[in-house]
Amino acid sequence: MSEYRPAEFEEKWRERWEREGVYRSKVDWERPKHYALTMLPYPSGDLHLGHWFAMVPSDARARFKRMKGFNVLFPMGFDAFGLPAENAAIQRGIHPWKWTYENIENMRRQFRSMGAMFDWEREAVSCTPEFYRWTEWFFNRFLEGGLAYRGEALVNWSESLQTVLANEQVIDGKDERTGQPVVQKLMSQWFFRITQYADELLEFDEMDWPEAIRKAQTNWIGRSEGARVAFTIEGETSIEVFTTRPDTLWGATFMVLAPEHDLVDQLTSEDQREQIAEYVAAAAKASEIERSAEDREKTGVFTGSYAQNPASGEKIPIWIADYVMVGYGTGAIMAVPAHDQRDFEFARKFDLEVRPVITSPEGVVDAAAMTEAYVGAGAMFNSGPIDGTRCTDSKGRSNPAIAAAIEWLEDHEVGREAINYRLRDWLISRQRYWGCPIPVVRRADGEYETVPDDSLPVELPQDVEFMPTGRSPLKSNSDFMAAVAKDGGPAERETDTMDTFMCSSWYQYRYLSPGYDGAPFDPEEAAYWLPVDTYTGGAEHATMHLLYTRFFTKAMRDLGMFEDAATVMRQRGRDPGRIFDEPMVVLRNQGQVLGGERSGDVVRATGSTVGNVLHADRVEVVGDAPASCEPDEMVGEIMRRTENILTLTAPDGGLMTVEVEPDASIDIPGIDGVNSVGQLRHHLEVQRMSKSKGNVVNPDVWVDRHGADVLRAYLMFGFDWAKGGPFDSGGMQGVARWLQDVWAIGTTPPTGPGDPEQEAMIERRLHQTIEQVERGLEEFSFNTAIAALMAFRNDLRAALREDHLGDDAWRATMDVMVRLLGPFAPHTAEELWERLGGDFSVHAQEWPAYDPEKAAEDTVTLVVLVNGKVRDRVDVAADVGQDEARTLGLATEGARRYIGDSGPRKVIFIPARKGQEPKLNIVV
RNA sequence: GCGAAAGUGGCGGAAUUGGCAGACGCGCUGGCCUUAGGAGCCAGUGGGCUUAGCCCGUGGGGGUUCGAGUCCCCCCUUUCGCACCA
């Protein structure tokens, strides 16, 4: 037996895997394929623990799939365009190319120590001309296909810097870096028509995606059924509104336009002009989230104009208010204060008419007495032709009142049924340097035309100067700007670049053939590998990235980009069916590894003691805890806080309870103003790792200390993968012990003859373990898979200690166990496999076959319950039937204690199921 | 504010279809061993009690059921997303 010294073999195996191309993935139509994909990282500079946490379990599962007989593709690359590179350029004078490439180099090197089975020959880097040539090419196709267009959108505009800022750069209406004020400004930009696919994007049939993601996308798309209605204004103009409640049209007593609405200027009367201008300017300063907050006091200004309600024929005033968003619907609403809470609040504040048109359960509603809008069901009144129609709670045409209103609108040609989406078209323009150029030029006549495909890519110029303001350096680069139109005339190049979500919308296709130059991807590869079978990544991408990539795939399908791949598939006898409808079949999200800050506030609480509890009327955060406390005083570190109950460490190491009175004064020197109980920090504060908090965990440190396999196993064992949680180096010790034990077991052949009965027990446990590990890997439950292997280690070690295993049994057990270990601890498994005499490589071996018969127990424990509480147990045959179980169960001591003379009222037998003992519940 | 998810020992977390709550690991307690360590081995470890046993226990309150961590209703708390961060 030797000691477990991973440093002595991990690097050796990584070199050999690379040298022999163990992880090269090649098309092989004889074998089933599995495309495992993990979200590509941004090259921020260092491979941190979060990357390990995201990628190591995906790697383990990809390895498992390979052992199960799949030909696995598991590629990796970099999402290399983006703001941080540009910030580095501005702040430190490093060119984004250099910064990004150096980071990529460094991360590639760090990636190696993970020991993952990435096929690096498939690597794709989105900021390389070979990659973004095709991103540009997609833009051209989308434009041709009518999926790209120019439109107007609000941007965060800094007047003083003359530049556009990202949302994250704006804090409280100011540029977070320079403190310069930021306003919302309309700007002409490029869009993709994702809304054209809104309905199809709502379909998730045959997709194995988390419910949370599907809900997030469904809400994001926000389909609502209703009508568009035109309100005429004196003269020819009309304002179109979208409403989900056309039935309440007769109750529309005013209109509200978003401050940015096109017609605001035209509708403003002279005497209102000043007020309106002021209000529009103020609204531009508020963000959309602030504006749509419901508890915000309603504000608005009357334009001075009136529109005609097409139903009642009445003149109704037109206001502007920031609770109406220019980007939703038509940017204008008909206000029905009696039946919409927002409109109601607005009407009460500005003393506008409230006219009910739906009866409440109490009958006709008295407008003057209303304190809130009535949004329930009833019958229509005050509504001319639709009076008396029943109004239900349902939405769209299934509501009789809405159906009647829509018919009336269409008959009178003042409106029509319409579906509106919250989803807006995808704004792809970014006023940045470090992104994929948009391949268009603007001719002298102001029209845009695309750069022909054979001139792609439009390359980013190397020689640029970065402004401290953040303004795109492309604008002042005359070589880049100068272009020639197709007719030979002068033209100006587009200086906006594309949203980086463009690159990540199709990178899964570039991985198939990163060097291919005839198309974005090689149809021969695509035919075999597509679609992505398993996609893993963070849930924060729920709506944007994952919606965009779905849209992209559907657009590609409709533009015929998968035709060649489909042809190849048919030649190979595989039916393409609908596989190009969606990019990824299975999606799973992992959580985040967080940094743990392991100290709570030390507080002094004073008040009155009742029993063991101190009722505190004063709590202050102090420095260190003293050795003892005064009466009616407790001092200690907060270990836990549940609402207003604090648990403090006592000077003697015990725990004390403090109940903080509602009106207690709380003093936290570090936090200004009036402090609350909720601001008190308790032990084990969990937060994101960040350099400023000094809680960043560097994976290299732990690889040096324990080896890559221990870190891998810890990350898979210590967390619910979908949830994440705080990194705890103590927890790694248990995983290290496990691999040390496995090592010791695998390198120490037994010397005794063994005990056949015990050997059978170990074989049974082994097969149970195969099943548990396999299920864990299939279901992304990595922690339970490793727990099963640890439990098996416990049994195996106990058996070996007692000399229960002979050499043959030990070898047979090792043969299986080491293969089970492969996905989790690839280096250790490889080293043990070799020492046990196996052929290179363990990762090319077949996954051990689970045999249910070998896993089956002969006897099981019948659990005897009385009224649902466990009262006794009795050993029975594994296939015990109801009658026998009933007889045995009722005869147990525990059961007899509770069964009176009258006998049991009812007996329920729950037969044994997989992993569960049979049960007998006796009701008395 | 809107939307989504989650809440289980001192800690990370298990619990398959409504069927023994706390697997596995950390920590802790006791013992052993030793070339004394960030070591190893053995045993114990949800809380409580009048301890052959019993009672309580999955954020709080109510309900359905022979049986609820799991299903339903109300409430509280936390985390995540909200369109130019990726």
Side-chain angles (χ1 to χ4, degrees), chain A residues 39-42 44 79 81-84 153 155-156 164-170 210-213 215-216 218-220 222 288-296 327 422-424 426-432 435 499-501 504 538-545 547 591-592 596 639-640 642-643 647 655 678 683-684 686 705 714 717-720 722-726 728-735 737-738 740 775 779 781 783-784 786-791 793-794 801 861 863-865 867-870 873 893-894 897 905-908 910 913-919 921-923:
Chain A
M39 289 180 188
L40 83 177
Y42 179 78
S44 52
D79 189 13
F81 277 131
L83 209 48
V155 294
N156 299 309
V164 176
L165 297 171
N167 279 344
E168 68 154 17
Q169 295 175 309
V170 181
E211 183 62 22
I213 300 287
K215 273 194 182 154
T218 302
N219 290 328
W220 187 259
E288 190 153 326
I289 295 167
E290 287 161 14
R291 281 174 53 173
S292 56
E294 252 179 39
D295 59 350
R296 216 166 142 261
R422 202 181 75 97
L423 179 74
R424 295 177 224 164
W426 177 8
L427 169 61
I428 61 149
S429 298
R430 297 290 183 271
Q431 291 70 36
R432 305 269 168 247
D499 181 0
T500 56
F501 280 123
S504 55
E540 65 274 18
H541 295 287
T543 44
M544 304 181 67
H545 163 57
L547 207 54
Q592 229 176 358
M639 300 308 287
R640 202 145 70 117
T642 308
E643 302 191 29
T647 306
L655 293 174
H683 194 68
L684 190 70
V686 170
R705 192 169 299 176
Y714 166 66
F717 175 70
F719 307 84
D720 170 357
K723 201 170 124 197
D728 168 23
S729 61
M732 212 179 306
Q733 194 58 46
V735 178
R737 273 182 205 134
W738 168 54
Q740 283 157 14
R775 196 179 59 226
E779 296 175 359
S781 177
N783 52 353
T784 56
I786 293 182
L789 284 166
M790 286 179 170
R793 173 268 319 255
N794 292 342
R801 188 169 50 230
T861 305
V863 180
V864 181
L865 307 99
N867 291 340
K869 289 196 168 99
V870 182
R873 295 178 175 82
E893 171 66 26
R897 267 207 309 278
R905 206 146 55 88
K906 194 171 172 186
V907 179
I908 294 141
I910 305 109
R913 278 206 308 264
K914 198 171 192 145
Q916 280 169 1
E917 313 292 1
K919 288 165 202 80
N921 193 13
I922 301 158
V923 187

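Chain A is the first sequence line, chain B the second, and so forth, proteins listed ahead of strands; every chain is numbered from 1.
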Measure from CD on E540(A) to P on rG3(B) and round the result to the nearest Å.
-> 22 Å
Can you tell me the distance, in whole Å, between the CZ atom of F717(A) and the C1' atom of rG12(B)?
-> 8 Å
P atom, rG25(B) versus rC73(B): distance in rounded Å?
-> 39 Å
With a 4.0 Å cut-off on heavy atoms, is V735(A) in touch with a base, just the backbone sugar-phosphate, or nothing at all?
-> nothing
Is there a side-chain polar atom (N or O) of R897(A) under 4.0 Å from OP1 or OP2 of rC54(B)?
-> yes
Do L427(A) and D499(A) touch side chain to side chain, with heavy atoms closer than 4.5 Å?
-> no
Nearest-Å distance once atom P is located in both rG62(B) and rC28(B) | 39 Å
Got T784(A) and R775(A) here, is their nearest side-chain heavy-atom distance under 4.5 Å?
-> no
Interatomic distance at P, rA15(B) relative to rG67(B), whole Å = 25 Å
Which of the following nucleotides, rC84(B), rC66(B), rC56(B), is nearest to the side chain of V164(A)?
-> rC84(B)
Considering Watson-Crick and G-U wobble pairs with both distances under 3.5 Å, what does rC20(B) pair with?
-> none
Which one, rC26(B), rG25(B), rC56(B), comes nearest to the side chain of R737(A)?
-> rC26(B)
Could you check which nucleotide pairs with rG44(B) in any of the strands shown, counting Watson-Crick or G-U wobble with both distances under 3.5 Å?
-> rC28(B)
What pair of heavy atoms forms the shortest contact from R422(A) to W220(A), and how long is it?
-> NH2-CE3, 3.2 Å
rG22(B) to rG12(B) separation - C1' atoms, rounded to the nearest Å | 13 Å
From the options rG81(B), rC24(B), rA5(B), select the nucleotide whose nearest atom is closest to the side chain of T543(A).
-> rG81(B)
Send over the distance from F719(A) CZ to rA14(B) C1', rounded to a whole Å.
-> 16 Å
Specify the glycosidic conformation (syn or anti) of rG53(B), with syn defined as within 90° of 0.
-> anti
Got V863(A) and I910(A) here, is their nearest side-chain heavy-atom distance under 4.5 Å?
-> no
Phosphate OP1/OP2 of rG67(B): any K869(A) side-chain N/O under 4.0 Å | no
Distances for protein N/O vs nucleotides 28-32 of chain B N/O pairs under 3.5 angstrom?
none

Could you tell me whether H541(A) contacts a base, only the sugar-phosphate backbone, or nothing, with contacts defined as non-hydrogen atoms closer than 4.0 Å?
-> base
Send over the distance from I910(A) CD1 to rG18(B) C1', rounded to a whole Å.
-> 10 Å
From rA83(B), rA14(B), rG67(B), nucleotide with atom closest to N921(A) side chain = rG67(B)
Provide the distance between the two C1' atoms, one in rG38(B) and one in rC26(B), to the nearest whole Å.
-> 14 Å
Please state the P separation for the pair rA68(B) and rC55(B) - nearest whole angstrom.
-> 15 Å
Looking for any heavy atom pair under 4.0 Å, which part of the strands does G724(A) touch: base, sugar-phosphate only, or nothing?
-> sugar-phosphate
D79(A) has its side chain closest, among rA86(B), rC66(B), rA15(B), to rA86(B)
Candidate nucleotides rG81(B), rA4(B), rC66(B), ranked by approach to the side chain of N219(A) - the nearest = rA4(B)
Go through rC24(B), rC82(B), rC26(B) for me and flag the one nearest to the M544(A) side chain.
-> rC82(B)
Do you know which two heavy atoms are closest between T861(A) and R873(A), and how far apart they sit?
-> CG2-CB, 3.5 Å
Pair assignment for rC71(B), Watson-Crick or G-U wobble, requiring both distances under 3.5 Å | rG63(B)
Do F719(A) and Y714(A) make the cut of ring centroids closer than 6.0 angstrom?
-> yes
Any strand, both distances under 3.5 Å, Watson-Crick or G-U wobble: rG1(B) pairs with rC82(B)
Expressed as a whole number of Å, how far does the P atom of rA21(B) sit from that of rC54(B)?
-> 13 Å
Hey, does the side chain of R430(A) come within less than 4.0 Å of rC85(B)'s phosphate (OP1/OP2), counting only N and O?
-> no
For the residue pair R432(A) and F81(A), establish whether any side-chain heavy-atom pair is separated by less than 4.5 Å.
-> no
Heavy-atom check, side chain of V864(A) versus side chain of V870(A), under 4.5 Å = no
Check whether any side-chain N or O of N156(A) sits under 3.5 Å from a backbone N or O of V164(A) as a donor-acceptor pair, and report yes or no.
-> no
Hey, does W220(A) reach any base, or is it just sugar-phosphate, or nothing, if we go heavy atoms under 4.0 Å?
-> base
For the side chain of Q733(A), starting at C-beta, report the closest nucleotide among rG40(B), rA86(B), rG13(B).
-> rG40(B)
Side chain of K906(A) - closest among rC66(B), rG13(B), rA83(B) | rC66(B)
Residue whose nearest RNA chain B nucleotide is more 5′ - A212(A) or F501(A) = A212(A)
Taking a pair to mean Watson-Crick or G-U wobble geometry with both distances below 3.5 Å, rA15(B) pairs with none
Which one is paired to rC33(B), where only Watson-Crick or G-U wobble pairs with both distances under 3.5 angstrom count?
-> none
For A542(A) and I213(A) the tightest heavy-atom approach is CB-CD1, 3.5 Å
Separation of rC20(B) atom C1' from I922(A) atom CD1, nearest Å, is 14 Å
Expressed in angstrom and rounded to an integer, what is the separation of R705(A) atom CZ from rA39(B) atom P?
-> 12 Å
rG7(B) pairs with which nucleotide, Watson-Crick or G-U wobble, both distances below 3.5 Å?
-> rC76(B)
Indicate, with a heavy-atom threshold strictly under 4.0 Å, whether I908(A) touches base, sugar-phosphate, or nothing.
-> base
Could you tell me whether R793(A) contacts a base, only the sugar-phosphate backbone, or nothing, with contacts defined as non-hydrogen atoms closer than 4.0 Å?
-> sugar-phosphate
Across every strand shown, the nucleotide meeting Watson-Crick or G-U wobble geometry with rG53(B) (both distances under 3.5 Å) is rC49(B)
In whole Å, what is the span from the NZ atom of K215(A) to the P atom of rC80(B)?
-> 20 Å
Which of rU16(B), rA86(B), rC20(B) is nearest the side chain of R873(A)? It is rC20(B)
Which part of the nucleic acid does S429(A) contact within heavy-atom distance under 4.0 Å: base, sugar-phosphate only, or nothing?
-> base
Do I922(A) and L865(A) have side-chain heavy atoms sitting under 4.5 Å apart?
-> no
When the P atoms of rG48(B) and rG10(B) are considered, how many whole Å apart are they?
-> 10 Å
Judged by nearest nucleotide, the residue sitting upstream toward the 5' end of RNA chain B, E211(A) or N867(A), is E211(A)
Give the rounded distance in Å between these two atoms: NZ of K919(A) and P of rU16(B).
-> 11 Å
Check every strand shown and say whether N794(A) touches a base, only sugar-phosphate, or nothing at a heavy-atom separation below 4.0 Å.
-> sugar-phosphate
Parallel, tilted or perpendicular, as decided by the 30° and 60° cut-offs, for the rings of F501(A) and H545(A) = parallel
Give a yes/no answer on whether the side chain of T500(A) brings an N or O atom under 4.0 Å of OP1 or OP2 in rA86(B).
-> yes
